[in-house]
Amino acid sequence: MKISRRNLLKVSFFAVSAVACMPRMAFAARNSVKSLRTGAQPNGKTRLVIETASRPAYSLSYPQNQLVINLANTTINNDAPKKLASGTLAKSITQVQNGDSAQIVVNLTRSIADIAKSQIMILSPNGDNDYRLVLDFVAGTGTGTASTTSAAATTSTTTSNKSASNKAQSATPAGKYVIVIDAGHGGKDPGCIGKNGTKEKTVVLSVARKLRNKLNDAGFKTYLTRNDDTYLKLADRAAIGERRKADLFISLHANANPSRAMKGFSVYTLSEKASDEEAKKLAEAENAADKIGVEGFTDFEPNIRSALSALQQHAVAEMSEEYANGASRAFRNAKIEQQRGPDVRHAPFAVLRSTVPGALIELGHLSNAGEEKLLNNDAHQNKLVAAIVKSVKNYNFDV
């Protein structure tokens, strides 16, 4: 039986507030817990990630030294992988089946304040990950009462991220966050070339320079991986982000497609599994840039490889996806045409393999005559830059 959103909300409310002696309606569970993990965030925050098979409907309560998450219409899974990072407020996590709901009980070293909606995200599936309920919290004193967060439970990732973005927008300028902008290709690697001879490496460097200036004006500390027509290996680009201790890495590219009619921007994040065949082919094309070098593909530096622990990869993926969704939204709001397909795609881009959250943005298609002309246009480049600046300002660096 298909369950409507309205009925799902009713079930969520019933699971939280029903009297114990009240007879329960027989209801087949549709969701299940896939994994649980915690991580340490800046400023004493603890991040809890609950991965589920489908989008979760949840409510929160705050007993002393505990956080309890009720997942409506969900079955527990005691075999689900569980990873607890050191240096967090979470001591242990247990699962309890309570009728139709799964209760995730997090035992804490200290009681916590009620979690604001701006510190809660629901992330859509990304590569090997299913849906993830992400909660960030700090020590403090809350109300101790149940909080039925129906809006967060049923709205999209975009809405959840928008709440976080609003908070970040006012706090960003004073933060002096570090942004590394990667102008793709360069030197002996021209990237794709339009029908009228426009080279990808030239367009993206022009946009990168303008973006650097605008972000610096906005109070960010911004670096370019290349500021001239230089060839860099992909691992070297990623290493620059690491060395600069970047808070965000943005790689700029222009696309090409066998179909001259294809046009529009697209945004990608790193995933070991491509979201679709087109994303897979694009990643293979971009990664092949390293084959131009005499020495072939370079291994990533040992310190980068060792830093890419499973937990850190998940955390970086979640932050990258949040930025990518915001970037896609900023482009659409600026009336910049989007390539048909999902708002954010995922593929194994080598340039994004690092501990720095980031995204690869294809600014348009040089294979399309109209967009080749646009990408050469100064006013259009400024429009692209303005959209990216807005996406960076709206990104919640503190989550």
Side-chain angles (χ1 to χ4, degrees), residues 124 126-127 156-158 161-162 181-185 190-208 210-211 250-271 274-287 289 320-349 351-352 358-392 394-395:
S124 299
N126 173 8
S156 67
T157 303
T158 297
N161 290 346
K162 187 175 181 181
I181 303 166
D182 173 48
H185 306 278
C192 59
I193 302 175
K195 184 177 181 181
N196 294 314
T198 303
K199 295 178 181 179
E200 178 182 359
K201 67 175 183 177
T202 305
V203 169
V204 296
L205 180 58
S206 176
V207 174
K210 291 174 179 173
L211 180 58
I250 302 172
S251 189
L252 301 178
H253 291 259
N255 212 340
N257 192 283
S259 170
R260 298 282 183 178
M262 182 66 74
K263 57 182 177 177
F265 79 88
S266 51
V267 183
Y268 295 80
T269 62
L270 174 68
S271 172
S275 56
D276 54 69
E277 188 63 26
E278 186 176 348
K280 178 183 176 183
K281 290 180 179 178
L282 179 62
E284 289 172 350
E286 297 292 1
N287 292 347
S320 298
E321 185 173 346
E322 183 188 353
Y323 171 73
N325 276 292
S328 179
R329 184 168 60 251
F331 271 64
R332 294 194 306 273
N333 289 343
K335 308 301 182 185
I336 299 170
E337 186 168 358
Q338 179 177 4
Q339 180 182 334
R340 65 174 181 264
D343 291 344
V344 175
R345 299 174 186 237
H346 318 287
F349 291 101
V351 74
L352 297 180
L360 185 147
I361 300 176
E362 296 282 355
L363 300 170
H365 285 70
L366 284 174
S367 52
N368 179 280
E371 280 201 332
E372 180 184 6
K373 186 176 180 179
L374 272 179
L375 290 169
N376 274 310
N377 181 275
D378 192 63
H380 185 71
Q381 288 187 10
N382 289 334
K383 188 176 182 180
L384 294 168
V385 167
I388 299 174
V389 169
K390 188 169 184 179
S391 72
V392 174
N394 285 347
Y395 177 60

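In this structure, K263 places its NZ atom where only 12 or fewer heavy-atom neighbours from other residues, nucleotides or ligands lie under 6.0 Å away.
Within the 3.5 Å criterion, the main-chain N or O of G326 finds no donor-acceptor partner in the side chain of S391. No donor-acceptor pair closer than 3.5 Å links the side chain of H365 to the backbone N or O of R260. E371 contributes a side-chain N or O that, together with a main-chain N or O of G264, makes up a donor-acceptor pair within less than 3.5 Å. Between the E200 side chain and the A254 main chain, a donor and an acceptor come within less than 3.5 Å of each other. Side-chain N or O atoms of D182 include none that pairs as donor or acceptor with a backbone N or O of I250 at under 3.5 Å. A donor-acceptor contact shorter than 3.5 Å is absent between the side chain of T269 and the backbone of A359.
The side-chain contact (heavy atoms from CB on, under 4.5 Å) search around L205 returns A183, R209, R226, not counting sequence neighbours. Applying the side chain to side chain donor-acceptor pair (under 3.5 Å) test to E337 and every residue at least two apart in sequence or in another chain returns nothing. In terms of the side chain to side chain donor-acceptor pair (under 3.5 Å) criterion, residue partners of T198 (sequence neighbours excluded) are, by chain and number, E372, N376. For the salt bridge (Lys or Arg N to Asp or Glu O under 4.0 Å) test, no residue two or more places apart in sequence or in another chain qualifies with K199. For A386, there are no side-chain contact (heavy atoms from CB on, under 4.5 Å) partners, not counting sequence neighbours.
Residues Q339 and N255 meet the side-chain proximity criterion, which asks for heavy atoms closer than 4.5 Å. Residues H380 and K373 are not in side-chain contact: their nearest non-hydrogen atoms beyond the backbone lie 4.5 Å or more apart.
The distance from the OG1 atom of T202 to the NE2 atom of H185 is 11.5 Å, given to the nearest 0.5 Å. Rounding to the nearest 0.5 angstrom, the gap separating the CG atom in L384 from the CD1 atom in I336 is 4.5 Å.
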